[in-house]
Protein chains: 2
Amino acid sequence: MKIDPKNPADLSAQIAHAIRDAIVSGELIVDERLPSESELAQQFQVSRPTVREALKRLAAQSLIRTQRGASGGAFVKRLSYEDAYTQQITTSTLLLSMNEVSFDTACEARYALERACAPLSAERRSADHLATMRAEIFRQSQPGLTDEAFCASDVAFHRALVDGAGNPVLSYQLAGAVEAMQPLMNMITFTARSRERIVTLHARIADAIEAQDGEDAGHGLSALESETRALAQNVFAARALVAREREVNSEGSPEDRT
Amino acid sequence: MKIDPKNPADLSAQIAHAIRDAIVSGELIVDERLPSESELAQQFQVSRPTVREALKRLAAQSLIRTQRGASGGAFVKRLSYEDAYTQQITTSTLLLSMNEVSFDTACEARYALERACAPLSAERRSADHLATMRAEIFRQSQPGLTDEAFCASDVAFHRALVDGAGNPVLSYQLAGAVEAMQPLMNMITFTARSRERIVTLHARIADAIEAQDGEDAGHGLSALESETRALAQNVFAARALVAREREVNSEGSPEDRT
DNA sequence: AGACTTTTAAATGTCAGACAAATAAAAAAT
DNA sequence: ATTTTTTATTTGTCTGACATTTAAAAGTCT
């Protein structure tokens, strides 16, 4: 892990890369202590601030944790499921918000993945997961709920469904897909009528999970996907219409800027 | 984005968090230039190295890119699919390697997700995807292939299957699940007989995809999952036996140490 | 005037040395 | 033997400086 060509640009990136490789290759194991910053600086023949920048890069990826004081230092960190969740969610959220991913594409991916969980969840769900799903359905049927709260409850419902599969790797993978959709979902205004339909489908899915009927749960998810996509299409179509009208109106009175 | 309590520890982390929030909330948009390091230092009332460490954290997450020279600086980066892939893969790989995730759990998650892609892939796969799958099957049937090369080809086959769904979000999500399994798969020694069975199943899956029969492709994947898990079980059982024998043998001659 | 070259300024990348703060181990005192 | 004090180590931060890159401004020549 002593690779360091004499290209004097991106030194900190190179050092971070070298250490990262040592970690992923197993050369450095969990909870092992890295050399101190001064030692690393000597080893790589760079200054301490440069080493520090490299370490910060690794800390940002939850690859190491640092501890102050005597016998402190940088330690290889065990990547917890929680850290992995949050990383996955931010990456997915940014990917969707920055790359003009269509609502349909994201929606399709999300429901395809969820359908993959349905049979497992139907088989293994605990009473706790079922209770959570029922509670969220109840919350969603309350009148006076804001659109945001409705979406948050929707996410909670689907997370319970996914967690019911009892496979942490699956939960981790799905966390990104489900949560990253929330900003997109928040753009939708839910009418009372559409909420009712969604709640009905949620109840159907919960029933299927309770009855351990994975196939029916899958069908419920498919129906929910269609419902969601149709709903989004209407909302976006209406919004595009409004935008076009505004454009036409502003044609004769160009007074607005940025 | 000017939150900065007077807790003088983790300043760089706090600043990184503040800027990150500004990005994910849309306050800073893609390709927008951040203030220069000196300006940020003034704004947050810290020194430039502290700001730099914060920026390195963000760069490690592919949230910003930096450019030297006049009119250079830090810019909000559009998170590309490629960057997202690599992040996803490293996170998944570390999660699996550091958390004693059982082979079965990882395998189950992977095939559940792949089955989710099968119907979409059957519907939309291009000739290119089919050709890749066939080519990898051919490579896998070549004698004299190392176990590592066999695994790599296996990954390529499954990636083609996933990419066939034509949904980049799905491909991104699956990349981690498929590639992160590779180190685990590399622990397996494939006998000629087991390779033959795997190739046969691959061919069956490719046939189903070509015939646009998503259901049959799903069944093929399920069969492949069973095959893989049985194979792994045998390998691990044999390995455990060897380890136990070695332990017994070393009981009378304790001469080995790390 | 227009095209090319040179200069300049702004920004990041790196370095050096220093001090503050936290923390655990060693030393000292009770 | 236990508690307290000291000490050494290590990270976190600051100040100031120089090197390097790069685009724009200034200057020069045709």
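Computed from a predicted model, the values in this text were never measured in an experiment. Numbered from 1 within each chain, the chains take letters A, B, ... in sequence-line order.
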Novice: Output yes when at least one side-chain N/O atom of B/S47 is less than 4.0 Å from OP1 or OP2 of D/dC14, else no.
Specialist: yes
Novice: From the options D/dA23, C/dT14, D/dT11, select the nucleotide whose nearest atom is closest to the side chain of B/S71.
Specialist: D/dA23
Novice: Expressed as a whole number of angstroms, how long is the span from A/Q45:CD to C/dT14:C1'?
Specialist: 14 Å
Novice: Taking the side chain as everything from C-beta on, heavy atoms only, tell me whether B/V51 gets closer than 4.5 Å to B/V46.
Specialist: yes
Novice: Send over the distance from A/L55 CG to D/dT13 P, rounded to a whole Å.
Specialist: 13 Å
Novice: Reckon A/R33 touches a base, only the sugar-phosphate, or nothing at all at heavy-atom distances under 4.0 Å?
Specialist: sugar-phosphate
Novice: Specify the separation, in whole Å, of atom CG of A/L11 and atom P of D/dT20.
Specialist: 12 Å
Novice: Side-chain contact, heavy-atom cut-off 4.5 Å: A/S92 with B/Q173?
Specialist: yes
Novice: Between B/T50 and D/dG12, is there a contact of a side-chain N or O with OP1 or OP2 at under 4.0 Å?
Specialist: no
Novice: Check whether any side-chain nitrogen or oxygen of B/T66 sits under 4.0 Å from OP1 or OP2 of C/dG13, and answer yes or no.
Specialist: yes
Novice: If every non-hydrogen atom of A/K77 is compared with every non-hydrogen atom of B/M98, which pair is closest and at what distance?
Specialist: O-SD, 3.3 Å
Novice: Let me know the distance between CD of B/E39 and C1' of C/dA10, rounded to the nearest Å.
Specialist: 11 Å
Novice: So, under a plain 3.5 Å distance rule, would you say the side chain of A/R48 forms a donor-acceptor pair with the base of D/dT13?
Specialist: yes
Novice: Output the rounded distance in Å from CZ (B/R52) to C1' (D/dC14).
Specialist: 15 Å
Novice: Using whole Å, report how far CD of B/E37 lies from P of D/dA19.
Specialist: 18 Å
Novice: Checking the side chain of B/R139 only, and the main-chain atoms of B/D154 only, is there a donor and an acceptor separated by less than 3.5 Å?
Specialist: no
Novice: Indicate whether the side chain of B/S126 and that of B/H129 have a donor and an acceptor atom separated by less than 3.5 Å.
Specialist: yes
Novice: Please tell me which of A/A70 and B/Q67 maps to the more 5' nucleotide of DNA chain D, matching each residue to the nucleotide holding its nearest heavy atom.
Specialist: A/A70
Novice: C/dA24 C1' sits how many Å from A/F75 CZ, rounded?
Specialist: 11 Å
Novice: Let me spell it out: for each of B/P49 and A/K56, pick the nucleotide of DNA chain D with the closest heavy atom. Which residue's pick is nearer the 5' end?
Specialist: A/K56
Novice: Using atom CZ of B/F44 as one end and atom C1' of D/dT13 as the other, report the distance to the nearest whole Å.
Specialist: 16 Å
